[in-house]
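These notes are about the structure you will find just below.
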Protein chains: 2
Amino acid sequence: MIGLTLKQLRYFEALARHQHFGRAAEACAISQPALSLQIKELEGMFHAPLVERGARQVRLTPIGERLLEKSRQILLAVEELDDLVRASQGPLAGRLRLGIIPTVAPYFLPTIIAALSHRLPELDLELREAVTRSLISDLQEGNLDVAVVALPVSEPSLTEFSLFEEDFVLVRPAADTGKPVPNATTLQAMRLLLLEEGHCFRDQALSFCQFGESQPRQLMEGSSLSTLVQMVGAGMGVTLIPEMAVGFETRSAQVSVDRFPHPRPSRTIGMIWRRSNPLSDQLMQIGAIIRAVGQRSAESD
Amino acid sequence: MIGLTLKQLRYFEALARHQHFGRAAEACAISQPALSLQIKELEGMFHAPLVERGARQVRLTPIGERLLEKSRQILLAVEELDDLVRASQGPLAGRLRLGIIPTVAPYFLPTIIAALSHRLPELDLELREAVTRSLISDLQEGNLDVAVVALPVSEPSLTEFSLFEEDFVLVRPAADTGKPVPNATTLQAMRLLLLEEGHCFRDQALSFCQFGESQPRQLMEGSSLSTLVQMVGAGMGVTLIPEMAVGFETRSAQVSVDRFPHPRPSRTIGMIWRRSNPLSDQLMQIGAIIRAVGQRSAESD
DNA sequence: TCCTATCATTAGCTCAGCTTATCACAATCT
DNA sequence: AGATTGTGATAAGCTGAGCTAATGATAGGA
């Protein structure tokens, strides 16, 4: 593919995104004819049309779709060269897009922000909260640099860096204070309040209770740990929460909090990023900083 | 990395390969100053030197090394666009670089060539014989399109396509004809002739005999199955060969050939290629053709 | 000390690729 | 139907990125 230019791929990607020559050209800060010509040039190289010019609609042809895929791959690799520049310029500085899952963010984010802005003042953190699935695809598409999630994620394209392990605790109505702590089996008989689909914490809790995938049961869903604890306080059932949430969520609620006997349910919190990211070394440094404050805050709980 | 061009990456890659401005320029079919300028342009983008201009020697700086890595990745993806063109132009045609391991090539290659040149006359096969390790790296560097090896190879970047399974048979001196066939354990007491390091067939044979990695023992090495069989004929020991080699290798030698009782040792022969190769669909077609003739020839043995 | 190999610099030219202006076409409205 | 509007293609002209050829600068080696 000699004669191909990155510019052409960028224009094509914009066209695919906007499905409109004029708007794509605007997004690329060029005139519409300039974009048309480059697309035509690309089509010449492929000896085939890449877009269907419909009446009021532009659509990619099948070959166009495949080119789009490859283009994104190439453009992502090129963007990573920017990170290579940053990596070669001493301590980490500039924008860092960090994603966190919702069952970690409220409790741990303040600690992370404080630590990083102290140790790496040049760093410009840009935060995003979403479930693991969505963070992973943002990472893979290059919309995110790094994410804090529960390990393992087992994506071969991502590097995992473990931060710390944390136990789950049982939250029951205040009236249950002092009653014996149920084990995984007896838990199955109680009404368990859980986060809605998509949260990894939901699956971890379910797996501790050894519920099968399919069997229907007494479940209720809440959209945040905070809601769940309030529901428990109102006597609607019991729930599990991660240890780091205890201080924040149970202070004002009428609930009783108990640790499980061994083997305790737990999760591993860690960082993930694209294996191909040239900032890998720097991200490990950041990981080390977060790990240090994470362990300190876990000890002080 | 706006302003970056593929041309610059190509020039840089050539410079890294030749370690010499003049020769790299020649390889790119441009003048030496043109190349110097583009390299300088690149260095401007990185705010750092990428090559050390030594007295009589050009060397990459550490940053240069990392850029080289990324460049190769990007350029490989760009080359794969060529394959996308081919994939979109009907039946597979043009150059196809096929690698085969030495313990398959002599016996199966004629069949493959005949079948493919009959079914895909437009195909221009370019063959290479090497051990698995080397074929894999050629695939990953884009120096090879597809390879026939023993599965599994378990490289996440490669797709595996299984062709057929094939048993190993025992080759003993003709004097042993009629003697009971040894099992894996009794084999350990005999002098086993094997291929030299690097051949996967050697490891498969060793693993059948359940030899540990380290334990020293009565072994001799030959550089081809043909040599091994001749050595067996001369009474120097026994060996295993794959079934497809029986007809070719044992016809003229004074040896006795026996199948093992169940569970028979065997290997799976298959094709591998870069997962990212746009010709994937076409390669599967080729795989289907080879599989068909492979099974037919296995049955007729 | 001079020579040779090697990369950098300079001057000048050419064409790829941009902009603006305009055309061609089809869908929708009146 | 005829007018209008939204859209991409085409045309003409300009500008600068990037090439070549010629020359300069520098460091090893004879």
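Each chain gets a letter, A, B and so on, in the order its sequence line appears, and its residues count up from 1.
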A/H20 side-chain N/O to D/dG8 phosphate OP1/OP2 under 4.0 Å: yes
Within 6.0 angstrom of A/E160 CD, more than 12 heavy atoms from elsewhere: yes
Check ion pair A/E141-A/R72 (N to O, under 4.0 angstrom): no
Options C/dA8, D/dG8, D/dT10, nucleotide nearest the side-chain atoms of A/R53: D/dG8
Collect all protein-nucleotide pairs involving nucleotides 16-20 of chain C in which both atoms are nitrogen or oxygen and the distance is under 3.5 Å.
| unit_1 | atom_1 | unit_2 | atom_2 | d |
| --- | --- | --- | --- | --- |
| C/dC18 | OP1 | A/Y11 | OH | 3.0 |
| C/dC18 | OP2 | A/Q38 | NE2 | 3.2 |
| C/dT19 | OP2 | A/S31 | N | 2.7 |
| C/dT19 | OP2 | A/S31 | OG | 2.6 |

Ion pair A/R86/A/E79, N-O distance below 4.0 Å: no
Side-chain donor/acceptor of A/R291 to backbone N/O of A/S162, under 3.5 Å: yes
Salt-bridge criterion met for A/R95 and A/D124 (N-O under 4.0 Å): no
Residue pair A/Q32, A/S36: steps toward the side chain to side chain donor-acceptor pair (under 3.5 Å) verdict: CA-CA 6 Å; A/Q32 169 261 314; A/S36 283; 3.1 Å; yes
Residue of the set A/L15, A/I74, A/V78 for which side chain to side chain contact (heavy atoms under 4.5 Å, CB included) holds with A/R10: A/V78
Nucleic acid contacts of residues 59-66 of chain A, taken as heavy-atom distances under 4.0 Å to DNA chain D: none
Ionic contact status for A/R202 with A/E196, cut-off 4.0 Å: no
